[in-house]
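Everything on this sheet refers to the single structure shown next.
Hydrogens, waters and symmetry mates play no part in the numbers below; they use all other heavy atoms, side chains included.
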Amino acid sequence: MIFGRVKPLDAILATAEKKSLHRTLGAFQLTMLGIGAVIGTGIFVLTAEAAQKAGPGMMVSFVIAGFVCAFAALCYAEMASMVPVSGSAYTYSYAVMGELIAWMVGWALILEYAVAAGAVSVGWSGYVVGLIEHSFGIDIPAKFVLGPFDGGLINLPAMFIAGVVTFLLVIGTRESATVNAILVVIKVAALTLFIALAVPVMNMEKFEPFAPLGIGGIGAAAASIFFAYVGFDAVSTAAEETKNPQRNMPIGLIGSLAICTVFYLLVAAGVIGSVGAQPVGIDAAAKHALEPGSRELAAACGAIGDQAVVCSKEALAWTLREIGWPQIGNLIGLAAGLALPSVILMMMFGQTRIFFVMSRDGLLPATFSKIHPKFNTPHVITILTGIAVALFAAFFPVGQLANISNSGTLFAFAAVSIAVMVIRRTDPGRHRPFRTPFINVTAPIAIAGCLYLFYNLDQKSINLFLIWAAVGLVVYFAYSRSRSHVGRGIVEVHEDDADAPPPPVPPAPSFD
């Protein structure tokens, strides 16, 4: 199971200069941490995409995606408790399965973070544009707020927010825990308000047929909805700060995912029961040949009046306006406009962190980790990442971006699940603050679940992932393998080393 050179765990911990962490988090704190990290982009943005694939059956899709996440999170938690350092799945793979797999995982994580940031930018654009149009009566031309695959020309608002976040990351703005907590409250309050207004007016006839496109549609929606759960690994990485982790980690992981799933089901029920969520304008047999975001689908959605919610770029706000709460709908749009930029910021920061760690190992050029002399931030890679995110957001639909991001995430989570089983055999005596329960059952279920969701992604996303992986292999063998610090015998470096890796990763962004 080992492919290429392995970087020993002890060397990884020494390089990262691991500090002792106080165990202060209990089950309740972990559950709240998970809820804050998970609830956000997916449920605000992808409800419409799920409806086009599964109709009312998207409620089952939420359960399937949450189930897979729960098992993957339990595997992730064991590795995070053993190796609480930067790099997440990339670092774990390097220590257990070797450099080649680690490189591929790190390469896949680029899809997770950068493309996901683009998806959130598009989602932010949809809500803010809708808010402006309905609050001020301004009709913004579609060609400037939609990408070409959505029937427009370029999504300028999405590019704008990506540029703003990039600027904030370059100048070193820091987001305080207080501000982050306020944004979490805004997100949860917005969804709670939506549920309170939409669920009471449900019409059970709207749930028929429940699965218009069958099991395949539900699986495809689950593959997209997986994006709504990204962020749950924040709980896993808190293992070193958890009191009695063997008891509290499963409670925090499963508890937060269960609560978020209930939230998602209630929101989905509110949308379906109040305005309907059947795939519209397309014969069921022909529907399988169309992908969300295509010109044909966009045209069909625009032609069906009452059912347009399933294609709305601001589905939750649109729903409230349709059932007689236009001002509350605008508030939902405002909540999304306020909360989503912080998600973009953290995803883009995650991208720069992965680049930093890979560069520190010699697998990427040191240029990527140059530090700005004034702002003390990695400005080069931050700007490059910002440009990529802005381009993704400008030209691609949110559903396609989410699916591409999911492909990278699913690959990484499957790799971590395999790594946990491998290290149980190769290093059974190593201290584990948290041990994944029933590892020979939990890990295979996590791997199978990731493969199932990956298989149910649209073919375009799968093809793009395979192309991306092939490019990654070329880069590795043409450049990275010969420059790897581990391959050259450089385990620990000093300041006077000519080949010293980049400086440590700067702290996470904040607004302090």
Thr261-Tyr229 side chain donor-acceptor pair, cut-off 3.5 Å: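 The criterion, which ignores hydrogens and geometry beyond distance, is satisfied for Tyr229 and Thr261.
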Does either side chain, that of Gln400 or that of Asp458, offer a donor lying less than 3.5 Å from an acceptor on the other one?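 Side-chain D/A pair, Gln400 to Asp458: present.
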Validation row: [X], [Y] side chains within 4.5 angstrom (heavy atoms):
| X | Y | result |
| --- | --- | --- |
| Val164 | Pro341 | no |
| Thr436 | Met79 | no |
| Ile447 | Met421 | yes |
| Val486 | Tyr94 | yes |
| Ile423 | Arg432 | yes |
| Ser484 | Asp361 | no |
| Asn403 | Asn406 | yes |
| Met358 | Phe368 | no |

For [X] versus [Y], what's the shortest heavy-atom pair and its separation?
| X | Y | value |
| --- | --- | --- |
| Gly255 | Thr31 | C-CG2, 3.9 Å |
| Leu457 | Ala223 | CD2-CB, 3.7 Å |
| Val105 | Ser93 | CG2-OG, 3.6 Å |
| Val398 | Gly123 | CG2-N, 4.4 Å |
| Ser405 | Glu112 | OG-O, 3.0 Å |
| Ala339 | Lys187 | CB-CG, 3.4 Å |

I need the [X] [atom1] to [Y] [atom2] distance, nearest 0.5 Å.
| X | Y | atom1 | atom2 | value |
| --- | --- | --- | --- | --- |
| Met97 | Ile418 | CE | CD1 | 6.0 Å |
| Ser461 | Leu401 | OG | CG | 9.0 Å |
| Glu99 | Met104 | CD | CE | 13.0 Å |
| Gln459 | Leu464 | CD | CG | 10.0 Å |
| Phe62 | Ile225 | CZ | CD1 | 4.0 Å |
| Ser407 | Lys460 | OG | NZ | 13.5 Å |

Atom [atom1] of residue position [X] - does it have more than 12 heavy atoms of other residues, nucleotides or ligands inside 6.0 Å?
| X | atom1 | result |
| --- | --- | --- |
| Tyr479 | OH | yes |
| Tyr452 | OH | yes |
| Leu473 | CG | yes |

Between the main-chain N or O of [Y] and the side-chain N or O of [X], is there a donor-acceptor pair closer than 3.5 Å?
| X | Y | value |
| --- | --- | --- |
| Ser359 | Pro365 | yes |
| Thr385 | Ile381 | yes |
| Trp468 | Trp107 | yes |
| Tyr264 | Ala228 | yes |
| Trp124 | Ile161 | no |

Tell me, please, which residues at least two apart from Thr442 pass side-chain hydrogen bond (donor to acceptor under 3.5 Å, both in side chains).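 Thr442 satisfies side-chain hydrogen bond (donor to acceptor under 3.5 Å, both in side chains) with no other residue.
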Can you list the residues that meet the side-chain hydrogen bond (donor to acceptor under 3.5 Å, both in side chains) rule with Asn155, with sequence neighbours excluded?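 Asn155 satisfies side-chain hydrogen bond (donor to acceptor under 3.5 Å, both in side chains) with Ser125 only.
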Any residue meeting ring-ring contact (aromatic ring centres under 6.0 Å, His included) with Phe477, in chain and number order, not counting sequence neighbours: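 Result, ring-ring contact (aromatic ring centres under 6.0 Å, His included) vs Phe477: none returned.
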Residues in ring-ring contact (aromatic ring centres under 6.0 Å, His included) with Phe454, at least two apart?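 Result, ring-ring contact (aromatic ring centres under 6.0 Å, His included) vs Phe454: Phe465.
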Show your working on side chain to side chain contact (heavy atoms under 4.5 Å, CB included) between Leu74 and Phe434 and close with a plain yes or no. CA-CA 9 Å; Leu74 289 172; Phe434 172 78; 4.1 Å; yes
Walk me through it: do Phe227 and Val120 pass the test side chain to side chain contact (heavy atoms under 4.5 Å, CB included)? CA-CA 10 Å; Phe227 190 82; Val120 183; 4.2 Å; yes
Ion pair present between Arg435 and Glu78, side-chain N to carboxylate O less than 4.0 angstrom?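 No, Arg435 and Glu78 are not salt-bridged.
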Assign the ring pair Phe67 / Phe71 to parallel, tilted or perpendicular, where the plane angle (0 to 90°) is split at 30° and 60°.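 The rings of Phe67 and Phe71 sit tilted, inter-plane angle from 30° to 60°.
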Which word best sums up how the rings of Phe413 and Tyr76 line up, parallel for under 30°, tilted for 30 to 60°, or perpendicular for over 60°?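 Correct class here is perpendicular.
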Step by step, would you call Tyr113 with Thr352 a side chain to side chain contact (heavy atoms under 4.5 Å, CB included)? CA-CA 9 Å; Tyr113 288 113; Thr352 61; over 6 Å; no
With side chain to side chain contact (heavy atoms under 4.5 Å, CB included) as the criterion, how do Leu364 and Trp103 come out once you've worked through the C-alpha distance, each side chain's angles and the decisive distance to 0.1 Å? CA-CA 10 Å; Leu364 289 175; Trp103 166 265; 3.8 Å; yes
Test of understanding: with side chain to side chain contact (heavy atoms under 4.5 Å, CB included), list the residues that count as partners of Ala394, not counting sequence neighbours.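 So Ala394 forms a side chain to side chain contact (heavy atoms under 4.5 Å, CB included) with Ile154, Met159.
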Do any pairs count as a ring pair (Phe, Tyr, Trp, His ring centres under 6.0 Å) and have a residue in residues 377-398, sequence neighbours left out, and if so which ones?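 Applying ring pair (Phe, Tyr, Trp, His ring centres under 6.0 Å) to every pair that reaches into residues 377-398, excluding sequence neighbours, yields Phe149-Phe396, His372-His379.
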